[in-house]
Amino acid sequence: MDSVEKTRELKRDSMLSLDVDETAVDWRGRPCKANKHGGMTAAVFVLGLQAFEMTAIAAVGNNLITYVFNEMHFPLSKSANIVTNFIGTVFLLSLFGGFLSDSYLGSFWTMLIFGFVELSGFILLSVQAHLPQLRPSPCNMLTDTDGTQNCQEAKGYKALILYLALYLVALGSGCLKPNIISHGADQFKKQESKKLSTYFNVAYFAFCMGQLIALTLLVWVQTHSGMDIGFGVSAAAMAVGLISLIFGIFVYRNKFLDKACIKVQDGANESPWKLCTVTQVEQVKIIMSVVPIFACTIIFNTILAQLQTFSVQQGSAMNNKITNRFQIPPASLQAIPYILLIFVVPLYEIVFVPVASKFTKKDSGISPLQRVGVGLFVATFSMVAAALIEKKRRTAALNSNQILSIFWIAPQFLIFGLSEMFTAVGLIEFFYKQSLEGMQSFLTAMTYCSYSFGFYLSSLLVSLVNKITSRTSSSAHGWLSDNDLNKDRLDLFYWLLAALSLINFFNYLFWSRWYSYNPSLSPTTTPHESHGEDLENQSLNNNISKHILRADN
């Protein structure tokens, strides 16, 4: 009997040990239990924050050029740069958020703290939009081309409040974004490749839903009820997202922070500037190896910047009436791809992935690098469509005084939306799967840093193109130097971006092939395996040794 009881106890202890996850802890710091923590149940609460935060910031970012131009009276090119710099800063600050999370706070507390920072920015924007004394005197910027209406650009404390509000939003959102993705992905184990791939697709679906609500309902509220009400609704959406995050606290799997020991010599800690862990060495090697892939997505995000700035202004110069009583806000055109994508993303997961898996033998259908490449190629045609339609719109306006329907510019949004489904999701999945323990948020943040560089490059291109073309033009006007698109040459600017995008695609083909087949980076892989898969398996099998290396002085 004793032996039978001992056998039962051993089996029971074995089952309990299998139920405990020693690689993650719950909110109290205790080892997680597989049947209580993590999985899609926990990820849903994070996806709630993803959807509501995206709703809040997309409603602001996608229609911000209208507010800055019409209400704050900045010139068109400067307004476009304010928007691209703001959005660029959002994504650049994601590196800071990833660093804080991986090194000090953890993803949950980083999201909670900076979520309230973002919320305060939305509230300040709403207050400024509501109080007339915080804005310049009203005037029509579209008709004040000769300066007779004396439209005064926002300056002094009015401009200061605008920039303070925008960059509070940028700081909060930037620190949130990489942690939303990584904290949701942390609810799964890296061995669960299929579940991770599904999670990234579901996360993009939540992103699309947030964008769709922002670009339809919230932009409609901004247009018909005022920007103050619109910004207020963004603040409310952000608050709901934070509540969703907090509600999941009891079921989250939280990864350990990387707390490698430092050698003590003669009673004193060795300087961290002279020592580094094997983990840190591997992290640097991984970051350096993915930089070329990262760089190839910058032009892609420069194209995205045009759809949130100049394409919105294109819509403002077109006939946006559906009926005599109903008009489409130009910013709502950006909802068109997301209407398509809420159907395409599930089809991709349900239909494409199983079919492709039969041929590629990959759980995710195609590899993340292949997915990024498809998106980069398709993005070129978004700018081709934009250039052709802008040429047609401008010719009709100048030659026959005809105003085209706003639906003519829908193709450029549709094509880019499809390309974004491939590139954005593929890039996030690629970076997350490359990461070692303790660097998930930071490496995921590189995805958003690509957005940042893309938007900054857009600002640089606008300024550079204006400077060069104003010198070569007989009228001394640059392609984008006027507030009137009929006088500008936006179509030529779009053609320039199409050419840059195509060149960038071939550049990506070179680097992605090098990344996959370079034997010095992946000595044990076959020609049909990726370096990323090798690193992932190596990190799982070796469990990241914590030995200390003395760095060269």
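The structure displayed is predicted, hence computed values, not measured ones. Numbers for residues simply follow the sequence, beginning at 1.
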K.L.:
Quick one, Asn504 and Cys296 - any side-chain contact, counting heavy atoms below 4.5 Å?
P.N.:
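A side-chain contact under 4.5 Å exists here.
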K.L.:
Please check if the side chain of Arg371 supplies one atom and the backbone of Ile366 the other of a donor-acceptor pair under 3.5 Å.
P.N.:
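Pair absent, no side-chain N/O of Arg371 close to backbone of Ile366.
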K.L.:
Drop me the distance from Leu212's CG to Leu217's CG, to the nearest 0.5 angstrom.
P.N.:
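Leu212 atom CG to Leu217 atom CG measures 10.0 Å (nearest 0.5 Å).
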K.L.:
Does Ser197 reach the side chain of Val353, with side-chain heavy atoms less than 4.5 Å apart?
P.N.:
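They are not in side-chain contact.
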K.L.:
Determine whether the aromatic ring centres of Phe300 and Phe416 lie less than 6.0 Å apart.
P.N.:
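So the answer is yes for these two rings.
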K.L.:
Is it the case that the side chains of Thr302 and Tyr456 hold a donor-acceptor pair, with the cut-off being a distance below 3.5 Å and no angle test?
P.N.:
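Distance-only check fails for Tyr456 and Thr302.
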K.L.:
Parallel, tilted or perpendicular for Phe294 and Phe431, by the 30°/60° rule?
P.N.:
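Judged by the thresholds at 30° and 60°, the geometry between Phe294 and Phe431 is tilted.
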K.L.:
Are the side chains of Ser225 and Gln222 in touch, meaning some heavy atoms are under 4.5 Å apart?
P.N.:
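A side-chain contact is absent here, since even the closest heavy-atom pair is not under 4.5 Å.
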K.L.:
So, for Leu105 and Ile113, which heavy atoms are closest and what is the spacing to 0.1 Å?
P.N.:
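Leu105 and Ile113 have their closest heavy atoms at CD1-CD1, 4.2 Å.
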K.L.:
Donor-acceptor pair, distance only, cut-off 3.5 Å: does the side chain of Glu349 make one with the backbone of Val345?
P.N.:
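No.
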K.L.:
Decide yes or no on side-chain contact (heavy atoms from CB on, under 4.5 Å) for Ile243 and Phe52, but give the supporting numbers first.
P.N.:
CA-CA 10 Å; Ile243 292 171; Phe52 283 106; over 6 Å; no
K.L.:
According to side-chain hydrogen bond (donor to acceptor under 3.5 Å, both in side chains), does anything in residues 153-172 pair up with another residue at least two apart or in another chain? List the pairs.
P.N.:
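Checked against side-chain hydrogen bond (donor to acceptor under 3.5 Å, both in side chains) - neighbours excluded - the pairs reaching residues 153-172 are Lys78-Glu153.
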K.L.:
Without swapping roles, check the side chain of Ser244 against the backbone of Phe45 for a donor-acceptor pair under 3.5 Å.
P.N.:
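Checked: pair present.
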K.L.:
Looking at CD1 of Ile299 and OG of Ser458, how far apart are the two atoms once the value is rounded to the nearest 0.5 Å?
P.N.:
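Reported to 0.5 Å precision, the distance equals 10.0 Å.
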K.L.:
Would you tell me whether Tyr508 and Thr423 have side-chain atoms, one donor and one acceptor, within less than 3.5 Å of each other?
P.N.:
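No - no donor-acceptor pair under 3.5 Å links their side chains.
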K.L.:
Below 4.5 Å, heavy atoms only, C-beta onward: do Pro411 and Leu414 meet side chain to side chain?
P.N.:
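The answer is no; the side chains never approach within 4.5 Å.
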K.L.:
When rounded to the nearest 0.5 angstrom, what is the spacing between CD1 in Ile123 and OG in Ser234?
P.N.:
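Atom-to-atom, Ile123:CD1 and Ser234:OG are 11.5 Å apart.
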K.L.:
Look up atom CD1 in Ile161 and atom CG in Leu134, then write down how far apart they are to the nearest 0.5 Å.
P.N.:
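So the gap between those two atoms works out to 4.5 Å.
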K.L.:
Looking at Tyr338 and Ile213, would you say the former's side chain and the latter's main chain have a donor-acceptor pair under 3.5 Å?
P.N.:
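The answer is no, because no donor-acceptor pair under 3.5 Å joins these two groups.
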K.L.:
Please check if the side chain of Glu53 supplies one atom and the backbone of Gln50 the other of a donor-acceptor pair under 3.5 Å.
P.N.:
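Not a single qualifying donor-acceptor pair exists.
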K.L.:
Can you name the closest pair of heavy atoms from Val46 and Gly184 and give their distance?
P.N.:
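In terms of heavy atoms, the two residues are closest at CG1-N, 4.0 Å.
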K.L.:
Run Leu242 and Phe116 through side-chain contact (heavy atoms from CB on, under 4.5 Å) and show every step you take.
P.N.:
CA-CA 8 Å; Leu242 288 172; Phe116 281 100; 4.1 Å; yes
K.L.:
Using a 4.5 Å cut-off on heavy atoms from C-beta on, say whether the side chain of Val44 contacts that of Gln187.
P.N.:
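Heavy-atom side-chain distance check fails, nothing below 4.5 Å.
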K.L.:
Is it true that Phe96 and Phe99 have ring centroids separated by less than 6.0 Å?
P.N.:
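Not close enough - the centres of the two rings lie 6.0 Å or further apart.
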K.L.:
For the residue pair Gln412 and Gln314, confirm or rule out a side-chain donor-acceptor distance under 3.5 Å.
P.N.:
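There is such a pair between these side chains.
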K.L.:
Of all heavy-atom pairs between Ser459 and Asn81, which one has the smallest distance, and what is that distance?
P.N.:
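Taking every non-hydrogen atom into account, CA-OD1, 3.4 Å.
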K.L.:
Looking at Ile181, is its backbone amide N or carbonyl O close enough to the side chain of Tyr199 to form a donor-acceptor pair, meaning the two atoms are under 3.5 Å apart?
P.N.:
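Confirmed, Tyr199 side chain pairs with Ile181 backbone.
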K.L.:
Apply side-chain contact (heavy atoms from CB on, under 4.5 Å) to the pair Phe453 and Leu457, showing each step before the final yes or no.
P.N.:
CA-CA 6 Å; Phe453 288 175; Leu457 179 59; 6.0 Å; no
K.L.:
Could you check whether atom CZ of Phe352 has more than 12 heavy atoms from other residues, nucleotides or ligands sitting under 6.0 Å from it?
P.N.:
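Buried by this count: over 12 neighbours within 6.0 Å.
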K.L.:
Considering non-hydrogen atoms only, spot the tightest contact between Val169 and Leu125 and give its length.
P.N.:
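Between these two residues, the closest heavy atoms are CG2-CD1, 4.4 Å.
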K.L.:
Strictly under 6.0 Å, is that where the ring centroids of Phe377 and Phe505 end up?
P.N.:
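When the ring centroids of Phe377 and Phe505 are compared, they turn out to be within the sub-6.0 Å range.
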K.L.:
Using side-chain contact (heavy atoms from CB on, under 4.5 Å), reason through Val425 and Phe205 one step at a time and then give a plain yes or no.
P.N.:
CA-CA 10 Å; Val425 181; Phe205 181 82; over 6 Å; no
K.L.:
Determine yes or no for a side-chain-to-main-chain donor-acceptor pair under 3.5 angstrom, with Thr223 supplying the side chain and Val219 the backbone.
P.N.:
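Yes, because the side chain of Thr223 sits within donor-acceptor range (under 3.5 Å) of the backbone of Val219.
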K.L.:
If you compare all heavy atoms of Ser450 against all heavy atoms of Asn301, which two are closest, and at what distance to 0.1 Å?
P.N.:
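Answer, listing the atom of Ser450 first, then Asn301: OG-ND2, 2.8 Å.
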K.L.:
Take the angle between the ring planes of Phe455 and Phe91 and call it parallel below 30°, perpendicular above 60°, tilted in between.
P.N.:
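Judged by the thresholds at 30° and 60°, the geometry between Phe455 and Phe91 is tilted.
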K.L.:
What pairs meet the side-chain hydrogen bond (donor to acceptor under 3.5 Å, both in side chains) rule with one or both residues in residues 110-128, with sequence neighbours excluded?
P.N.:
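Found none.
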K.L.:
Can you see which heavy atom on Val117 is nearest to which on Leu168, and at what distance?
P.N.:
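Where Val117 meets Leu168 most closely, the heavy atoms are CG1-O, 3.6 Å.
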K.L.:
Is there side-chain contact between Leu64 and Tyr67, with at least one heavy-atom pair below 4.5 Å?
P.N.:
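The answer is yes; the side chains approach within 4.5 Å.
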K.L.:
Please examine the side chains of Pro136 and Met72, heavy atoms only from C-beta on, and report whether any two atoms are closer than 4.5 Å.
P.N.:
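A side-chain contact exists here, since the closest heavy-atom pair is under 4.5 Å.
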K.L.:
Run the numbers on Tyr494 and Ser311 for side-chain hydrogen bond (donor to acceptor under 3.5 Å, both in side chains), then give the verdict.
P.N.:
CA-CA 10 Å; Tyr494 283 153; Ser311 291; 3.1 Å; yes
K.L.:
Is the side chain of Ser94 donor-acceptor paired with the backbone N or O of Cys175 at a distance under 3.5 Å, no angle test?
P.N.:
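No, Ser94 side chain to Cys175 backbone: no donor-acceptor pair under 3.5 Å.
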K.L.:
So His130 and Phe231, do their side chains get closer than 4.5 Å, heavy atoms only?
P.N.:
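No. Closest side-chain heavy atoms not under 4.5 Å.
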K.L.:
Is a side-chain donor-acceptor pair under 3.5 Å present for Ser405 with Asn319?
P.N.:
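Checked: Asn319/Ser405 side chains show no N/O donor-acceptor pair below 3.5 Å.
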K.L.:
Please round to the nearest 0.5 Å and tell me the distance separating atom CG of Asn201 and atom CE of Met421.
P.N.:
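Asn201 CG to Met421 CE: 8.0 Å, rounded to 0.5 Å.
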K.L.:
Show every side-chain hydrogen bond (donor to acceptor under 3.5 Å, both in side chains) that has at least one partner inside residues 206-217, sequence neighbours left out.
P.N.:
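Matches after skipping sequence neighbours: Asn62-Gln211.
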K.L.:
Taking atom CD1 of Ile415 and atom CG of Leu340, what is their separation to the nearest 0.5 Å?
P.N.:
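CG of Leu340 is found 11.0 Å from CD1 of Ile415.
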